[in-house]
Each structure stands twice: as C-alpha cells, then as structure tokens.
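Numbers here are sequence positions counted from 1.
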Amino acid sequence: MNLTMTIISISILVSILLIFVGFWLPNLNPDGEKASPYECGFDPLGSARLPFSLRFFLVAILFLLFDLEIALLLPLPWACQLMKPTITLFLASTLIGLLTIGLIYEWIQGGLEWAE
C-alpha cells in the first residue's frame, strides 16, 4: 500500500509540475507571422485557386508510402505467429525489397527531382 501511494503521489507531482511548466514556458506574446496558419507554402489569405505543384503531391505520397512501411513491418512478427522466425524475416525482407525496387524506379523516372 505504501509503494502504491508513493507512485501515485510522484505521478501527481510530476503531472502538476509539467502543467505549470507548460503554462510558463511558451511565449505569451507571439508575433503575427507565427500566429498565422501555414497551408503548404501558400498564402492562407490569398486566392484559393492557385495551381498545386504535382511534384509536391508526388513527394508527399511517396513519404506516406514509406511511412506506411513502418506500420506494416512493426507488427509483422506478432501478426504472423509462425514457428520459424526465418519465414517472418523472409516476409519482411520481401516487403523492404519491393519498396526498394519502387524507390529505385521512382528515382530513375525522375519523380524525386524537385527542380528540373
């Protein structure tokens, strides 16, 4: 019982300390530039009908694709639950190999070039 109360007391103290630091630490008088919304490099107060860069869209999609790789690889050993870990290693290597081939293809096609 004593250990439980000590852990709860320490947790409450640390939480209160972090809340107070969170209120004191930030700048309370932000300038107008930092307070304005940022919309993918566009001026948020300008026209909404500006053309969108297709290269920016392609890089964003590639980032999401390779970010999704982590979401697929992390639970792979627990999701498969196979007797031999070599099969799980083979599946993970196959997934990484396919993504590497896709990255090389995009690189050769020039999809990663930001400026021509």
Give every donor-acceptor pair under 3.5 Å between a side-chain atom in residues 58-68 and any protein atom, sequence neighbours left out.
none

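- Rounding to the nearest 0.5 Å places OG1 of T100 at 9.0 Å from CG of L95.
- In this structure, L91 CG and I96 CD1 are separated by 11.5 Å, a value rounded to the nearest 0.5 Å.
- Using a 4.5 Å cut-off between side-chain heavy atoms of Ile, Leu, Val, Met, Phe, Trp and Tyr, F90 forms no hydrophobic cluster with any other residue.
- Through ILVMFWY side-chain contacts below 4.5 Å, L89 is grouped with nothing and stands alone.
- The structure places CD1 of I8 at 10.0 Å from CG of L3, a figure rounded to the nearest 0.5 Å.
- The distance from the CG atom of L103 to the CD1 atom of I108 is 10.0 Å, given to the nearest 0.5 Å.
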